[in-house]
Amino acid sequence: MKRTEIKDLFLFPSQFDSQEITVCGWAKSIRDHKTTAFIHLTDGSCHSPLQVVFTSELQNYADVASQNVGAAFIVKGTFKLTPDAKQPFEVEASEITIEGSSSPDYPLQKKHHSLEFLRTIPHLRTRTNTLSATFRVRSVTAYAIHKFFNEHGFVYAHTPIITTSDCEGAGEMFRVTTLDPVKPPLTESGDPDYSKDFFGKPTSLTVSGQLEAEVMALTFGKVYTFGPTFRAEQSFTARHASEFWMIEPEIAFAELQDDMDLARDMIKFVLQYVMEQCPQEMAFFNDMYDKELIQRINSVIESDFAKVTYTEAIEILEKVKDKFQYPVFWGADLQTEHERYLTEQVFKKPLFVINYPKELKAFYMRLNDDGKTVAAMDLLVPAVGEIIGGSQREERADVLEQRIRECGLNVEDYEWYLDLRRFGGTHHAGFGLGFERLIMYMTSMANIRDVIPFPRTPNNALL
RNA sequence: UCCUCGAUAGCUCAACGGCAGAGCGGGCGGCUGUUAACCGCUAGGUUCCCGGUUCGAAUCCAGGUCGAGGAGCCA
């Protein structure tokens with residue numbers, strides 16, 4: 001069957017003027033009178049619905065008109081421009097086939113539903129305006145990220161999802177095992193005997209592909225990962241999920257400033273691309289969720305990002321420390337309230353905070369010449385908070401080994417990682433971008449559960 | 001794990017110690033072009049669970065379950 005997608009009607013309406021076309025889709029609304037009726041039809045190809053008009057001259061008029069919201073139709077008819085009406089064009093149907101009926105029980109009504117209610121029906125909520133717009137943006141964003149890195153000569157690196165290292169201790173991990181959960185084989189000391197497990201040792205789902213990405217970066221120069229990541233944390237916030245997607249570029253012969261430049265360029269490129277490709281969706285989010293969204297995104301595309309050192313940030317915060325619940329002093333970790341104040345009140349735009357005290361950061365971050373701070377950077381954005389965390393990596397094998405010991409880690413576990421420094425080591429840098437947090441920032445969706453089609457959070461894994 | 005808030009019709013909510021309601025959605029009817037159409041009629045309830053206080057509990061109290069927001073962890 002040759003069918004026309006509704007997206008193309010919106011892109012090139014004049015090309016279809018007075019043409020006979022076939023459109024397929026699902027009813028978002030059906031309104032009938034005695035002799036004329038209307039269907040708002042969506043096929044998922046774009047945000048706006050197509051209006052279908054049909055009259056009692058259709059032999060199955062009553063049948064079609066009495067269908068419920070959600071029903072699937074195949075419509076043949078004439079495309080007509082309607083410049084004087086609320087909708088730009090419509091299809092005058094000559095034949096409507098009821099492809100799949102819906103029912104009065106259909107949970108989605110022609111009204112506002114709370115996002116919280118919609119989370120309880122993940123198999124249907126994707127059909128709503130908000131969720132479909134979000135997931136269309138999500139798809140376009142994923143493509144934009146690949147496009148950006150591809151056009152900049154990066155190699156797309158697949159790092160393992162099942163891992164044997166706990167990387168940087170970046171959070172609680174999900175155990176991966178085929179051992180009998182009730183009666184696992186035991187060692188003489190009574191512990192589970194992982195030598196009998198599938199891989200002959202304990203394994204988990206990855207919390208970060210960074211260390212493996214470094215392997216790839218020291219081969220290909222510029223690489224990025226883009227894949228699922230898992231954290232078994234008992235997090236109950238609107239911006240944490242147990243399963244999320246992360247983008248982790250890693251670049252060789254690069255310093256912290258190169259890392260920040262890359263992050264900034266990538267964010268700008270992606271925002272611009274989504275603005276171009278998803279104008280209907282962005283207008284929708286702007287109208288329904290945040291009247292300043294488009295203005296804010298455009299200003300991010302055009303302006304530079306702010307940058308402060310951790311030490312400068314502390315100086316700024318100390319002047320207004322009475323505002324805060326948590327104390328501000330050099331050496332203290334920045335709390336969410338501090339980060340939000342900096343990015344939302346002081347700088348009012350995306351903000352890099354760099355050079356944190358080494359005690360606050362991971363062992364692999366490069367020690368600065370002051371001996372107290374490391375070449376780390378966090379990118380904070382208003383409303384969402386930390387969206388990127390990155391650093392220049394410690395390329396000096398002796399310093400790295402020292403830091404591994406300081407952090408209480410086992411040097412033998414990191415011999416391969418030290419080898420990267422012993423054999424042609426170079427200074428290099430990278431970062432992790434939370435894909436969902438980027439989607440939240442672009443759509444103004446406030447909850448990470450609403451930017452993942454089938455979200456996993458503690459005690460919640462529907463479908 | 002800690003703190004706060006919440007749970008009433010299919011959905012969104014009201015009633016806050018005295019007959020459990022509205023809007024939307026559903027059903028039926030009406031309407032010659034609607035735009036989350038409109039108009040009329042109508043059905044629809046274990047007020048999350050379990051105890052307690054009271055003449056009387058959706059409402060107050062204790063415990064629990066589930067959810068949401070925040071903190072921490074971080075992306």
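In the text below, chain A, chain B and the rest are named by the order of the sequence lines, each starting its count at 1.
- Of the two residues near RNA chain B, A:Leu334 and A:Gln51, the one whose nearest nucleotide lies more 5' is A:Gln51.
- Counting to the nearest Å, the P atom of B:C74 and the CZ atom of A:Phe431 are 19 Å from each other.
- Checking A:Asp105 against A:Ala241, the closest nucleotide of RNA chain B that is more toward the 5' end is the one next to A:Asp105.
- Applying the 4.0 Å criterion to OP1 and OP2 of B:A71, one finds that A:Arg239 has a side-chain N or O inside that range.
- Between B:A62 and B:U53, the two P atoms lie 15 Å apart (nearest whole Å).
- In this entry B:G29 has B:C39 as its Watson-Crick or G-U wobble partner, both defining distances falling under 3.5 Å.
- The aromatic rings of A:Phe285 and A:Tyr289 are tilted relative to each other, their planes meeting at an angle between 30° and 60°.
- A donor and an acceptor atom, one from each side chain of A:Glu250 and A:Tyr224, are nowhere located under 3.5 Å apart.
- Using a 4.0 Å heavy-atom cutoff across all strands shown, A:Phe117 reaches sugar-phosphate atoms only and no base atom.
- Between A:Phe230 and A:Phe174, the ring planes are perpendicular. Angles over 60° get that label, and only those under 30° would be called parallel.
- Side-chain to base pairing of A:Glu116 with B:G6: no donor and acceptor N or O lie closer than 3.5 Å to each other.
- Scanning atom types as modelled, no donor and acceptor separated by under 3.5 angstrom connect the side chain of A:Gln109 and the base of B:G26.
- With both pairing distances under 3.5 Å, B:C55 is matched to B:G18 as a Watson-Crick or G-U wobble pair.
- Look at the C1' atom in both B:G6 and B:U47: the space between them is 14 Å, to the nearest Å.
- With C1' as the reference atom, B:U34 and B:G69 are 41 Å apart, rounded to whole Å.
- For A:Tyr156 and A:His158, the gap between ring centers is short of 6.0 Å.
- To the nearest whole angstrom, the two P atoms, one in B:G26 and one in B:G63, are 43 Å apart.
- Side chain A:His113 to base B:C11: no donor-acceptor pair is found below 3.5 Å.
- Across every strand in view, B:G6 sits in a pair with B:C66 that passes the Watson-Crick or G-U test at under 3.5 angstrom.
- The separation of B:A43 from B:C28, taken at their P atoms, amounts to 15 Å, rounded to a whole angstrom.
- OP1 or OP2 of B:G70 has not a single side-chain nitrogen or oxygen of A:Thr237 nearer than 4.0 Å.
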